[in-house]
> 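Once you've had a glance at the structure underneath, I'll fire off some questions.
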Amino acid sequence: MIFHIVGTRPNFMKLAPLHAELRSRKFDQKIIHTGQHYDDKMYEVFFKQLEIPTPDFNLGVGSLSHAHQTAEMMIRIEEVFNRERPDLLIVYGDVNSTMAGALVASKMGIKIAHVEAGLRSFDRRMPEEINRLVTDSISDIYFTPSIDANENLLKEGVDHSKIKLVGNIMIDSLVKCMPTIDASKKIIDLEKYILCTVHRPSNVDNDEKLLALINSLESISRKTGVVFPVHPRTKKRLELIGYNINKNKNLHFIEPVGYFEFIKLQKNAIAVITDSGGIQEETTFLGIPCLTLRENTERPITISQGTNMLIGFDYELLKNEIERILVSENIDSKVPEFWDGNTAERIVKELIN
Ligand code: UD1
Ligand code: UDP
């Protein structure tokens with residue numbers, strides 16, 4: 001029996017194609033949702049749109065401090081594993097649910113496959129970097145999205161026979177859903193706009209930084225509309241600093257949107273401003289300029305080959321880059337190797353071997 005553990009929005013786009021591929025080959029599999037994300041707009045909409053079956057186990061852990069959340073997940077995952085005894089656990093990405101699942105499985109002698117292994121920002125202030133390091137130190141099979149990830153794992157002493165360069169599983173969902181996305185309605189009626197998402201603690205958990213970012217978006221919105229689907233962490237922080245999201249009619253704060261709607265928003269945007277991991281990759285695939293509000297990225301191939309640029313916290317640079325993009329025509333980029341919609345198939349071939 002194969003088990004999958006997921007918990008947050010970006011896990012669901014990674015689970016969907018692999019679950020579907022395994023199902024088509026008649027593997028026995030079960031899904032554990034830790035409940036790290038639980039709002040309809042952060043969870044259910046993705047299961048519906050991506051046609052993922054309802055989780056076999058919903059652990060309902062919810063929002064807690066890092067230690068409490070990880071500990072609760074581990075306790076509840078162990079209870080399930082004690083009853084079910086999986087042969088293989090598949091974990092995705094770099095969130096707390098990923099690390100919690102891997103830790104429990106490793107102590108119980110259950111084999112672990114990590115999808116999206118080997119990415120490194122080399123910045124241990126990021127909780128995700130700790131999750132990546134821990135998960136990759138105890139996994140048994142490493143499915144990597146790009147060659148840089150293989151190099152990181154080899155440097156850390158992982159045996160090369162365990163590392164499989166299979167490509168980017170998120171792009172499988174994108175490729176598969178593209179016809180539906182193209183046929184779906186636009187959710188905002190704007191000719192030209194910049195799309196923005198931010199949710200990293202490094203951008204939103206500090207009052208001054210959050211205000212500086214919002215000021216800069218207000219200033220950009222005087223030139224061109226800005227559409228900003230607000231992550232719940234960011235919503236909470238904006239409320240705490242007393243920011244009125246209806247204040248500026250060119251800066252459109254909206255609720256988080258479904259996957260189809262969000263990809264359509266990306267496809268039609270002039271540029272995307274983000275601190276998301278997955279969105280750096282999707283913009284590279286779609287050929288849309290991406291300005292990343294971070295000092296580093298665990299996805300360097302989106303810079304060396306794709307459309308990504310690191311802005312850090314330099315909001316002057318952000319405004320200048322937006323102005324440059326508004327007048328420039330073409331963007332020189334390519335889609336990295338194996339970001340082609342066939343990653344799930346390559347993973348299953350490796351699992352069978
Ligand atoms: C988590 C991941 C992050 C990932 C992001 C994707 C960790 C450490 N962080 O960050 O890597 O990029 O998900 O979106 O695993 N909340 C709700 N409703 C929900 C979920 C969260 O209101 O359905 C609010 C709660 O107030 C919560 C806050 O959002 O305290 C943060 O949620 P949490 O899952 O702890 O971290 P994220 O910032 O979402
Ligand atoms: N996304 C979405 N609706 C939104 C914002 C993002 O469907 O309102 C999708 C986006 O297309 C990508 C994934 O969510 O597939 C990225 O998740 P997120 O930015 O929350 O997490 P990260 O990738 O930073 O871990």
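Quantities reported herein were computed from a predicted structural model and do not represent experimental measurements. Remember, it's 1-based here, ligands and their atoms both numbered in the order they're listed.
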> Within the 4.0 Å heavy-atom shell around Y259, which atoms of ligand 2 are there?
7 (O), 15 (O)

> Check whether any side-chain N or O of D136 sits under 3.5 Å from a backbone N or O of G118 as a donor-acceptor pair, and report yes or no.
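Checked: pair present.
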
> Check the side chains of N250 and S221 for a donor-acceptor pair under 3.5 angstrom, ignoring hydrogens and angles.
no

> Got the closest protein heavy atom to atom 18 (N) of ligand 1, with its distance?
D39 OD2, 2.9 Å

> Please say whether D94 places an N or O atom under 3.5 Å from an N or O atom belonging to ligand 2.
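For ligand 2, there is no N or O atom that lies under 3.5 Å from one belonging to D94.
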
> Say whether R9, considering both its backbone and side-chain N or O atoms, lies within less than 3.5 Å of an N or O atom on ligand 1.
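Between R9 and ligand 1 (N or O atoms, distance only) the closest approach is not under 3.5 Å.
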
> Answer with side chain, backbone, both or neither: which part of E128 has a heavy atom less than 4.0 angstrom from an atom of ligand 2?
neither

> In ligand 2, which numbered atoms sit nearer than 4.0 Å to a non-hydrogen atom of G277?
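Once the distances to G277 are compared, the set is 22 (P), 23 (O), 24 (O).
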
> Quick check: K236 and ligand 1, any N/O pair under 3.5 Å apart?
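Yes; the residue has a nitrogen or oxygen that sits under 3.5 Å from a nitrogen or oxygen of the ligand.
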
> Taking a cutoff of less than 4.0 Å between a non-hydrogen atom of the residue and any ligand atom, is G93 in contact with ligand 2?
no

> Any nitrogen or oxygen of D275, main chain or side chain, under 3.5 Å from a nitrogen or oxygen of ligand 2?
no

> Distance to 0.1 Å, residue and atom name: give those for the protein heavy atom nearest to atom 3 (C) of ligand 1.
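Here the nearest protein heavy atom works out to E128 OE2, 3.2 Å.
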
> Between P10 and ligand 1, which part of the residue brings a heavy atom under 4.0 Å of the ligand: side chain, backbone, both or neither?
side chain

> Find all atoms of ligand 2 within a distance of less than 4.0 Å from any non-hydrogen atom belonging to M170, and give their numbers and elements.
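Here the atoms of ligand 2 in question are 12 (C), 13 (C), 15 (O).
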
> Treating Y243 as the side-chain partner and R237 as the backbone partner, does any N or O pair qualify as donor plus acceptor under 3.5 Å?
no

> For ligand 2, which atoms have a heavy atom of M13 less than 4.0 angstrom away?
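This gives 9 (C), 13 (C), 14 (O), 15 (O) as the contact atoms.
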
> Using a strict 4.0 Å cut-off to heavy atoms of R200, name the atoms of ligand 2 that fall inside it.
22 (P), 24 (O), 25 (O)

> If you measure every N/O of T197 against every N/O of ligand 2, is any gap under 3.5 Å?
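For ligand 2, there is no N or O atom that lies under 3.5 Å from one belonging to T197.
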
> Report the nearest protein non-hydrogen atom to atom 21 (O) of ligand 2: residue, atom name, distance rounded to 0.1 Å.
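Ranked first by proximity to atom 21 (O) of ligand 2 is P10 CG, 3.3 Å.
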
> As an exercise, identify every atom of ligand 2 less than 4.0 angstrom from a heavy atom of P229.
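Numbered from 1, ligand 2 contributes 8 (O).
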
> Write out the residue and atom name of the closest protein heavy atom to atom 2 (C) of ligand 1, then the distance separating them to 0.1 Å.
V95 CG1, 3.7 Å

> Check whether any N or O atom of N131, backbone or side chain, sits under 3.5 Å from an N or O atom of ligand 1, and answer yes or no.
no

> List every atom of ligand 2 that sits less than 4.0 Å from any heavy atom of I263, numbering the atoms from 1 in the order shown and giving each element.
11 (O)

> Could you tell me whether F262 and ligand 2 have an N or O pair separated by under 3.5 Å?
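Such a contact does not occur with ligand 2.
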
> At a 4.0 Å threshold, what atoms of ligand 2 neighbour a non-hydrogen atom of G258?
7 (O)

> Short N/O distance, under 3.5 Å, between H66 and ligand 1?
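In this structure, H66 places no N or O atom under 3.5 Å from an N or O of ligand 1.
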
> So which heavy atom in the protein is nearest atom 5 (C) of ligand 1, and how far is it from that ligand atom?
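Answer for atom 5 (C) of ligand 1: H199 NE2, 3.7 Å.
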
